[in-house]
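Chain letters run A, B, ... following the sequence lines, proteins first and then strands; every chain starts at 1. Being a predicted model, the structure only gives us computed values, none of them experimental.
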2 protein chains.
Amino acid sequence: MTSSRPEQPRGTGRGKRVTIADIARRAGVTSAAVSLAVNGRPGVSDATRERILEIARELRWEPSHAARALAGAPVKTVGMVLARPAEVLGAEAFFGAFVAGLQEVLSAADYSLQMKIVESTEAEIDTYRRWFGQRRVDGVVLVDLRLQDPRIGALEELGQPALVVGGPGHHGSLPSVYVDDAEATRLIVEHLAELGHTRIARVAGTAEFLHTMQRNTTFRRLGEELGLECVQQDAGFGAAGAARATAEVLRLPAPPTAIVFDSDEMALAGAAVLRSCEVPIPEGVAVVSYEDSPLTRGHTPPITAIRRSAVEYGRAAATRMLEVIDAAAGRRTAATGDPGTSAEARVIEPQLAVRASTDPSLGGTTGADLAAGLDAS
Amino acid sequence: MTSSRPEQPRGTGRGKRVTIADIARRAGVTSAAVSLAVNGRPGVSDATRERILEIARELRWEPSHAARALAGAPVKTVGMVLARPAEVLGAEAFFGAFVAGLQEVLSAADYSLQMKIVESTEAEIDTYRRWFGQRRVDGVVLVDLRLQDPRIGALEELGQPALVVGGPGHHGSLPSVYVDDAEATRLIVEHLAELGHTRIARVAGTAEFLHTMQRNTTFRRLGEELGLECVQQDAGFGAAGAARATAEVLRLPAPPTAIVFDSDEMALAGAAVLRSCEVPIPEGVAVVSYEDSPLTRGHTPPITAIRRSAVEYGRAAATRMLEVIDAAAGRRTAATGDPGTSAEARVIEPQLAVRASTDPSLGGTTGADLAAGLDAS
DNA sequence: CTGAAAGCGCTTACAG
DNA sequence: CTGAAAGCGCTTACAG
């Protein structure tokens with residue numbers, strides 16, 4: 001072996017990376033042919049395509065993500081910005097489950113999820129701008145939809161493919177997926193009415209979120225329709241507000257016989273207040289939560305809750321997001337119509353899990369029941 | 001205005017992107033000078049640097065991530081592969097909180113987290129290989145450490161900067177952060193011993209995880225040291241096994257007066273069994289969980305638990321991961337020692353949150369207490 | 001169907 | 001301190 005120093009092309013020195021050039025050399029073709037072959041595009045004969053793929057496999061070639069992106073290919077990444085403190089996110093069962101569902105579908109399609117935690121809505125919009133400028137994501141998932149949400153306009157202006165989680169309405173020209181909160185409210189109120197309740201209170205979360213508004217409206221309307229006494233008590237965010245609001249409605253001249261809470265966390269805080277006031281659940285006051293979780297299932301008694309499986313919600317969002325991205329990509333190449341990017345909203349139908357906190361006949365739980373409930377989550 | 005068609009350099013057509021070439025033209029310098037200026041590197045005078053930065057700002061230039069990566073710069077991304085089903089991840093309070101903590105620190109450093117859910121350990125290792133080949137991540141965070149973990153060797157061989165979450169030991173030459181489970185076990189057992197318990201059972205989770213082993217060993221050792229009757233019951237994964245195991249220890253000739261569970265989910269299932277057997281907590285049997293969460297805090301009675309704040313754990317892991325990445329980058333450029341990548345392990349000290357499930361004097365909780373507890377999570 | 005080339009936007013030696 | 005050039009690894013028209 002002669003030391004062929006001057007002949008040897010010197011790379012950066014690490015020299016391990018296999019590139020399409022290596023494959024091309026071995027196959028006796030040009031790197032363009034390799035590109036066509038590995039991307040399943042026409043332009044090479046089946047025989048050479050086979051040979052090229054074989055060599056690529058042999059050499060354990062991996063496409064350079066950066067190079068592909070630089071050449072204009074999709075970056076296979078979905079972005080999600082969260083404008084909430086880590087502690088708040090961490091305390092929410094919803095977040096982890098939603099992310100897990102997103103991840104599952106995105107991972108299977110070889111997409112990755114890029115998340116970022118920011119301090120404010122301005123910082124969130126700024127992140128969208130930068131991501132767009134850097135071409136860092138193919139699409140973004142927008143969560144925590146509000147009324148008059150400034151993020152919608154910003155994304156529209158940018159022309160960034162995006163999916164809104166929330167609705168209906170208020171998502172501008174962007175597509176959306178959302179849980180039908182009107183239907184959820186109907187399920188709850190009708191369930192309570194069937195059990196004979198006529199005075200129902202709703203302890204409501206932050207009014208700035210769209211779904212809260214939705215619930216407020218439907219709750220009021222259904223009360224009128226069914227001839228029930230429906231009162232609403234605003235509690236703002238979190239457990240402390242819910243505890244206060246619960247105490248408040250208990251002091252009403254004619255206290256409710258059922259209370260509906262906007263989240264599992266709130267329902268638990270409310271239930272604790274009932275316990276401390278020695279009001280039995282459900283005999284004294286029935287309790288319902290808009291959010292199901294291990295918290296509601298594990299409570300004593302287990303709490304009747306809207307089941308919308310956050311994991312499933314995440315899967316639905318990811319699936320729709322990928323459609324939107326595909327449609328946007330298709331529109332760029334083929335100049336066809338764009339069915340996927342339209343402002344179509346997709347609805348997820350909620351269900352009501354009836355438990356002992358409203359139905360006395362479902363009395364005692366055994367450990368086995370509980371275990372089964374948790375496993376089935 | 002004359003239509004200068006032939007003069008106009010035709011790009012891909014979208015033509016919106018601002019590049020360093022645009023800045024260079026405006027500043028009357030070469031693009032190399034712009035690169036040096038925006039990266040704060042020597043090679044340009046302060047005056048021209050200022051001018052360049054000014055123009056970059058004016059033009060709202062954003063560096064192309066792909067181009068930087070292709071040219072060898074860090075991709076500013078940390079990867080994490082999860083070999084568990086989405087449903088399982090979603091049901092765990094730990095996951096969401098840990099991710100939120102990771103995100104917070106990574107986001108602040110302008111890093112992003114890339115996650116992927118896979119089916120098996122082999123698929124996980126394969127993902128590491130591909131990410132490494134694609135140069136898609138600067139480092140990876142390895143979770144769910146096992147004994148004889150094949151992932152450790154794979155990452156070492158790859159030379160991929162990585163951080164192991166778990167320990168002590170069994171992380172090969174890779175750095176690690178972990179919660180001191182021996183200390184946690186000591187806290188629990190001593191707390192119970194002080195309350196006068198002499199027969200303590202431990203309902204243990206999956207034995208393949210390292211931390212389970214760690215707890216097993218320490219539990220046994222402490223029992224001997226303190227002269228306690230310590231029995232261990234293996235329950236495998238999840239709530240169903242824990243319920244079975246709890247029933248099992250209750251049938252012992254001399255049943256324990258305290259049971260320690262490996263997770264919040266397991267503790268809840270165990271508590272439900274106790275309830276169904278009409279064993280009061282803590283008077284009949286005291287209950288402790290190795291994992292704190294809204295589940296343990298919200299239980300009736302609230303459950304004494306090891307507090308290790310999953311959010312904080314995530315933050316610690318992210319901080320260490322960034323150190324490791326910096327050290328690896330430094331080692332490549334400056335040929336100094338590499339203090340950051342060493343197999344150093346960093347310990348997180350656990351605390352015990354004592355609640356009514358062990359201490360009868362902490363009896364009734366009010367809604368306000370609960371609210372405060374949840375907020376402080 | 002195949003080859004040679006330009007281009008994506010940056011970084012990094014290497015001369016002046 | 002500055003300029004001109006090569007290179008990162010791929011994709012995409014555009015000729016043959």
Would A:V105 and A:Y111 satisfy side chain to side chain contact (heavy atoms under 4.5 Å, CB included), going step by step from the backbone distance to the final call?
CA-CA 8 Å; A:V105 171; A:Y111 268 73; over 6 Å; no
Whole-Å gap separating P (D:dC10) and CZ (B:R136):
14 Å
Could you walk me through whether A:V143 and A:L82 satisfy the side chain to side chain contact (heavy atoms under 4.5 Å, CB included) test, starting with their C-alpha distance in whole Å, then the side-chain angles of each, then the deciding distance to 0.1 Å, before giving a yes or no?
CA-CA 8 Å; A:V143 294; A:L82 301 154; 3.9 Å; yes
Quick check on A:R57: does its CZ atom have over 12 non-hydrogen neighbours (other residues, nucleotides or ligands) under 6.0 Å away?
yes
Tell me whether the OP1 or OP2 atom of C:dT11 has a side-chain N or O from B:R68 closer than 4.0 Å.
yes
Do NZ/NE/NH1/NH2 and the carboxylate oxygens of B:D144 and B:R84 come within less than 4.0 Å?
yes
Within this structure, what is the CZ-to-C1' distance between A:R51 and C:dC1, rounded to whole angstrom?
13 Å
Taking the nucleotide of DNA chain C with the nearest heavy atom to each, does B:A32 or B:A67 sit closer to the 5' end?
B:A67
Rounding to a whole Å, what distance do you find between B:L59:CG and C:dG9:C1'?
15 Å
By the 4.0 Å heavy-atom rule, please label B:S64 as base, sugar-phosphate, or nothing.
sugar-phosphate
Starting at atom CZ of A:R135, determine the distance to atom C1' of D:dT11, rounded to an integer number of angstrom.
12 Å
Within residues 36-49 of chain A, residues whose heavy atoms come under 4.0 Å of DNA chain C:
A:G43, A:V44, A:S45, A:T48
Gap between atoms CD1 and C1', on A:I20 and C:dA5 respectively (whole Å)
13 Å
Nearest whole angstrom, please: distance from the P of D:dC10 to the CG of A:D22.
9 Å
First encountered from the 5' end of DNA chain D, between B:V29 and A:W61:
B:V29
Take A:A33 and A:L70, find for each the nucleotide of DNA chain D with the closest heavy atom, and name the residue whose nucleotide sits nearer the 5' end.
A:L70
Range-with-range stems of DNA chain D (Watson-Crick or G-U pairs under 3.5 Å, three or more in a row)
C:1-3 with D:14-16, C:5-12 with D:5-12, C:14-16 with D:1-3
Apply side chain to side chain contact (heavy atoms under 4.5 Å, CB included) to A:S64 and B:L70, showing your working.
CA-CA 8 Å; A:S64 159; B:L70 189 55; 4.2 Å; yes
Gap between atoms NE2 and P, on B:H65 and D:dG9 respectively (whole Å):
16 Å
Hey, is CD on A:E119 packed in by over 12 heavy atoms from elsewhere, all under 6.0 Å?
no
Assess, by modelled atom type and distance only, whether the side chains of A:T77 and A:Q114 contain a donor and an acceptor separated by less than 3.5 Å.
no
Sequence-distant partners of B:F95, ring-ring contact (aromatic ring centres under 6.0 Å, His included), two or more places apart:
none
Given atom CD of B:Q134 and atom P of D:dC10, what is their separation to the nearest angstrom?
10 Å
For a quick test of reading the model: is some side-chain N or O of A:T30 closer than 4.0 Å to OP1 or OP2 of C:dA4?
no
Salt bridge flag under 4.0 Å for residues A:E58 and A:R26:
yes
